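These notes concern the structure reproduced below.
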Amino acid sequence: MTTAAATLQRIRSSSLIDAIGLLILAAFVVWLIYKFGENPTRFLNVGIIGATNGAIYGLVALGYTLVYGILQLINFAHGDVFALSGLVASTLIISVWGLEADTNVILVVLGLLATLAITVPLFATINATIERVAYKPLRRAPRLAALITAVGMSFIVQNVSLALYGVDFESVPNFIPRTSAIEIGDVAIQWNKVAIFLIVIPVLLVLTWFVRTTRQGKGMRAVAQDTEAAAMMGIDVNRTISVTFVLAGSLAAVAGLVYLLQFNIRYDTGFELGLIAFTAAVLGGIGNLTGAVLGAMMIGMVQAFNEGLDGTPGSDWTRSIVFGILIAVLVFRPQGILGERTPEGA
Amino acid sequence: MSTGASGPSGPVLEIADVHVYYGAIHALKGISLEVGSGEIVTLIGANGAGKSTTLRAINGLNRPRQGSIRFQGQEITGTPPHAIVKGGISQSPEGRRLFPRMSVTENLEMGAFQRDDKQNFAEDMERVFELFPRLKERRMQKAGTMSGGEQQMCAIGRALMARPKLLLLDEPSMGLAPIFVERIFETIVEVNRQGTPVLLVEQNALMALDVANRGYVMETGRIALEGPAAELKVNERVRATYLGEG
């Protein structure tokens with residue numbers, strides 16, 4: 001009798017929570033439609049800014065979600081690895097290749113590719129080394145030990161950035177023009193935004209291909225779903241974890257360059273961006289690759305709408321809104337947008 | 001591969017005086033057993049007797065603190081799990097442990113992860129589908145959404161995809177409807193008839209002793225009894241304890 005009543009209570013309260021969640025979501029969608037109708041051009045221009053930022057957040061969020069999927073570890077150092085990669089990219093672009101605002105397009109493209117050719121392997125190695133040195137010895141320790149170590153690694157990497165680059169912001173010249181590449185009416189997409197998508201989209205396609213079809217990628221999914229069973233099938237778990245950190249480090253390096261093309265970067269940029277990206281990963285359903293990109297796009301959009309449209313709280317409130325969304329997701333849909341309810345409740 | 005002291009016609013698997021600890025708990029207190037080529041050997045005993053721990057010592061997940069495990073005459077104690085699979089021992093684990101968000105086909109593929117001969121891959125998949133026609137119907141389905149019996153078929157099929165020289169089966173009948181249990185045991189006999197030695201861990205002692213050549217009875221980390229399956233089946237102690245008689 002008591003259990004039946006308790007079950008009924010649980011069903012009632014969960015459907016009430018679902019209803020409130022849907023109501024909030026519906027109100028937000030209605031508000032978006034209203035804003036679109038008010039000034040479609042502005043809405044779309046702001047949306048493009050949001051998509052660009054979202055793409056950058058997505059690259060970083062994928063690093064969190066890949067590692068979490070395999071180790072159930074929040075790798076706090078990831079954001080700082082991203083920031084350091086951006087700083088190193090700025091050195092390469094300014095001091096080594098010497099790209100200027102008026103450099104020829106072909107040289108710019110070659111310079112950016114050469115930057116990636118150096119930073120991607122470098123930060124893939126650094127990230128895999130962090131795992132090998134800091135996390136692997138704690139594989140059998142309580143999860144909290146690895147988590148605290150990740151916070152420690154975050155400070156170490158951040159301080160390396162501080163020691164190498166100081167407290168100043170680094171930036172690169174506008175060698176990718178801010179002129180419009182695509183113009184439909186008053187809606188315009190500038191070249192520097194197009195460039196970001198030209199880098200991000202192929203990277204996402206390669207990542208999807210790798211995880212879905214290659215032997216190593218399938219091994220990664222198997223380890224993520226059941227590590228011990230994967231070992232019993234002959235999958236080398238240690239190697240698979242290393243490959244995951246290599247992938248995450250490569251994504252961080254690409255994100256570092258892409259961020260640098262858009263914004264200024266300094267030693268602590270990775271802290272806040274890391275938090276936003278982690279929020280995006282949770283929002284999309286941590287461990288789910290598509291979810292991480294989707295969550296990042298949503299956060300990018302929310303941020304852009306809040307800062308670019310009228311009648312919103314404005315940029316001072318962006319952080320509060322982003323983390324308010326995180327809390328709302330954890331209350332209304334703990335598994336995230338695309339996450340699945342698993343027996344472990346993860 | 002060099003033939004060890006036991007020679008080519010010796011046992012496929014030889015375990016001698018293996019001790020395994022979980023922290024301070026002495027889980028295996030000197031286990032010795034053998035699986036000969038072409039045999040089905042069953043390991044029976046109550047819950048917590050150490051049956052699964054014995055399998056985990058063989059597949060490399062738990063490293064024995066003492067003792068030796070030899071496979072085809074070669075010492076494999078302390079070898080990492082993935083290398084043991086590559087060497088020819090594959091397993092269908094307790095509770096099936098399929099990859100729930102992968103399709104049946106992908107699960108079977110994972111079973112063949114360590115194999116380099118991709119050309120025989122399709123052929124082996126066909127062989128698994130012949131053993132379990134049900135899996136062929138469900139091959140695109142996510143493994144986690146199938147019934148317990150279908151999942152067990154998939155788990156055994158997955159272990160077979162490694163082309164094992166020794167097959168470890170951990171509680172293949174657990175939680176299954178009687179009709180599925182019978183199918184699973186028929187398949188075990190069929191796989192063995194095709195030439196694969198089997199080490200079968202079971203709580204369903206009666207069924208296990210029916211299909212096995214020899215058996216070992218485990219009690220609290222030790223081998224309490226061993227002998228031909230037919231003899232164990234009529235042994236009074238076995239009947240009283242595991243077959244629900246007496």
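A quick note: this is a predicted structure, and the numbers were derived from the prediction, not measured.
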Specify the closest pair of heavy atoms between B:Pro81 and A:Ala231, including all atoms of both residues, with the distance to one decimal.
CB-O, 3.8 Å
Result for side chain to side chain contact (heavy atoms under 4.5 Å, CB included) between B:Met110 and one of A:Lys218, A:Met232, A:Arg215 points to A:Lys218
Heavy-atom distances under 4.5 Å only: say whether B:Pro100 touches chain A with side chain, backbone, both or neither.
both
Heavy-atom neighbours of A:Arg139 CZ exceed 12 at 6.0 Å:
yes
Can you tell if the side chain of A:Glu228 reaches within under 4.5 Å of the side chain of B:Leu61, non-hydrogen atoms only?
yes
Would you say B:Gln114's side chain and A:Ile235's backbone share a donor-acceptor pair under 3.5 angstrom?
no
Does a side-chain N-to-carboxylate-O contact under 4.0 Å join A:Arg212 and B:Glu106?
no
When you measure from the centre of the six-membered ring of B:Phe99, is the NZ or CZ of A:Arg221 closer than 6.0 Å and no more than 45° off the axis?
no
Interface residue of largest heavy-atom contact number with chain A, from B:Gln91, B:Met102, B:Arg96, B:Met161, under 4.5 Å:
B:Met102
